[in-house]
**Q** 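Take a look at the following structure, please.
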Amino acid sequence: MLPLYLYGVDRRTILKLKRQLSRTLNPRNGYCLLRFTEGDGTSRYITAYYKGGMEGNEGTDNAGFTWCRYGIQLVAFDPWFYGDRDVLAEWKTGVGKVFLKGASKPFLPLAISKGTISSDGVPVFNPGDVEAWPIWQIEGPVRSFTISNEAGQKFGINPNTPSADLIASGETLTIDTRPGYKTITKNDGENFWPRLDVNPSMFHIPAGESRVNVQMNPGAASAVLRLQLSPRYETY
């Protein structure tokens, strides 16, 4: 519930403000975005849809000739706050490149040698309060890959004859695990979902530190694996 107080210098002004507010809150125009910014400039936001609060009583306690008061009710289908900064990390079939560091140690440290990548138990740190859904990117050349977590959930593409490149050099495959998306597409728009191994599970990353298993068979040149994560928080 979001308490709002509108005031206009005259009757025409307050009516204009009410119409603008009604148009802004209309679910047909999309979701509302509430952003909370601290004094140091950091901010978090949440998206929600209007449910009620502008209809009904406009008696003397709730409205006047140049003012009105509302208790706007909003519904957030994803009831968590997001920050302005995503977590980013990248690995190559040479030396891992770190984009973000944790409080006391490097974030996602990984050094992998050329050839088939097989690194069990790669530490992953989610700085949020709840689980987050990552976006993975694989830059070729890659012939096959599998990404799994400690619970045994996994997804990947492992052709029966992995002699040819699944993702050629210069091409990128994006695996979006977020609810409402769940897509796996190449940079030219080709849908790779039918190529997934049976029973794929596009798992989330829990809050805090966890581990991810990566197995990737690159082609003749260096391949790249990227992770993008939007941490979610219980409050602003």
Side-chain angles (χ1 to χ4, degrees), residues 86-102 105-127 131-206 208-231:
D86 287 350
V87 170
L88 301 174
E90 178 181 290
W91 306 270
K92 296 182 179 179
T93 50
V95 179
K97 183 178 181 182
V98 178
F99 279 87
L100 179 70
K101 293 190 176 182
K105 55 186 175 180
F107 179 79
L108 290 173
L110 178 62
I112 46 185
S113 59
K114 292 184 178 180
T116 300
I117 299 172
S118 180
S119 181
D120 293 340
V122 177
V124 178
F125 183 72
N126 172 9
E131 72 277 3
W133 299 87
I135 299 176
W136 301 92
Q137 281 192 334
I138 300 175
E139 184 177 309
V142 171
R143 296 178 178 179
S144 63
F145 72 92
T146 299
I147 303 175
S148 60
N149 63 5
E150 295 175 292
Q153 298 173 305
K154 64 180 180 179
F155 63 89
I157 301 179
N158 292 275
N160 293 327
T161 56
S163 57
D165 289 338
L166 175 70
I167 311 165
S169 179
E171 296 180 339
T172 301
L173 188 69
T174 301
I175 304 104
D176 193 336
T177 70
R178 294 175 298 171
Y181 295 86
K182 301 295 185 186
T183 58
I184 174 168
T185 55
K186 202 170 68 172
N187 55 290
D188 61 359
E190 182 180 354
N191 179 20
F192 269 52
W193 188 276
R195 302 193 187 191
L196 283 170
D197 296 341
V198 295
N199 299 322
S201 178
M202 294 187 175
F203 55 87
H204 62 256
I205 304 297
E209 186 172 293
S210 60
R211 293 182 177 273
V212 173
N213 302 326
V214 179
Q215 293 180 325
M216 190 162 67
N217 183 13
S222 177
V224 179
L225 174 65
R226 299 186 183 95
L227 167 67
Q228 179 179 347
L229 191 69
S230 297

**Q** Please report the C-alpha distance between Q228 and V87 in whole Å, then the side-chain angles of each, then the deciding distance to 0.1 Å, and finally whether the side chain to side chain contact (heavy atoms under 4.5 Å, CB included) criterion is met.
**A** CA-CA 6 Å; Q228 179 179 347; V87 170; over 6 Å; no

**Q** Report the residues that fulfil side-chain hydrogen bond (donor to acceptor under 3.5 Å, both in side chains) with T185, sequence neighbours left out, ordered by chain and then residue number.
**A** none

**Q** Given V124 and E209, is the side chain to side chain contact (heavy atoms under 4.5 Å, CB included) satisfied, shown in steps?
**A** CA-CA 6 Å; V124 178; E209 186 172 293; over 6 Å; no

**Q** Please list, chain by chain and in numerical order, all residues satisfying side chain to side chain contact (heavy atoms under 4.5 Å, CB included) with S230, sequence neighbours excluded.
**A** Y82, D86

**Q** CD1/I167 to CD/E139 distance, rounded to the nearest 0.5 angstrom?
**A** 9.5 Å

**Q** Carefully, step by step, assess N213 and T146 under the rule side chain to side chain contact (heavy atoms under 4.5 Å, CB included).
**A** CA-CA 8 Å; N213 302 326; T146 299; over 6 Å; no

**Q** Which value, rounded to the nearest 0.5 Å, describes the distance between M202 atom CE and I184 atom CD1?
**A** 5.0 Å

**Q** Under the salt bridge (Lys or Arg N to Asp or Glu O under 4.0 Å) rule, collect the residues that match up with E190, sequence neighbours excluded.
**A** K186, R195

**Q** Can you give me the closest heavy-atom contact between F145 and N158, atom names plus distance?
**A** O-ND2, 3.3 Å

**Q** Any donor-acceptor pair under 3.5 Å linking the side chain of N191 with the backbone of P194?
**A** no

**Q** How far apart are the closest heavy atoms of A223 and M216, and which atoms are they?
**A** CB-CE, 4.2 Å

**Q** side-chain hydrogen bond (donor to acceptor under 3.5 Å, both in side chains) with N187: which residues, sequence neighbours excluded?
**A** none

**Q** Look up atom CD1 in I157 and atom OG in S144, then write down how far apart they are to the nearest 0.5 Å.
**A** 10.0 Å

**Q** Are side-chain heavy atoms of I135 and L229 found at a separation under 4.5 Å?
**A** no

**Q** Taking atom types as modelled, find out whether S210 and N126 have a side-chain donor-acceptor pair closer than 3.5 angstrom.
**A** no

**Q** Might you point out which heavy atoms bring W136 and P134 nearest each other, and give the distance in Å?
**A** NE1-CG, 3.4 Å

**Q** Looking at N199, I'd like to know if its CG atom is crowded, meaning that more than 12 non-hydrogen atoms belonging to other residues, nucleotides or ligands lie closer than 6.0 Å.
**A** no

**Q** Report the distance from atom CZ of R211 to atom CD1 of I205, rounding to the nearest 0.5 Å.
**A** 13.0 Å

**Q** Taking the side chain as everything from C-beta on, heavy atoms only, tell me whether I138 gets closer than 4.5 Å to I175.
**A** yes

**Q** Closest approach of P231 and A132, non-hydrogen atoms and distance?
**A** CA-CB, 4.5 Å

**Q** A side-chain contact here means heavy atoms from C-beta on lying under 4.5 Å apart; do V142 and N217 qualify?
**A** no

**Q** Got a sec, which pairs hit ring pair (Phe, Tyr, Trp, His ring centres under 6.0 Å) with one end in residues 169-206, sequence neighbours left out?
**A** W133-H204, F155-F203

**Q** Please enumerate all residues that pass side-chain hydrogen bond (donor to acceptor under 3.5 Å, both in side chains) together with T174, with sequence neighbours excluded.
**A** Q137

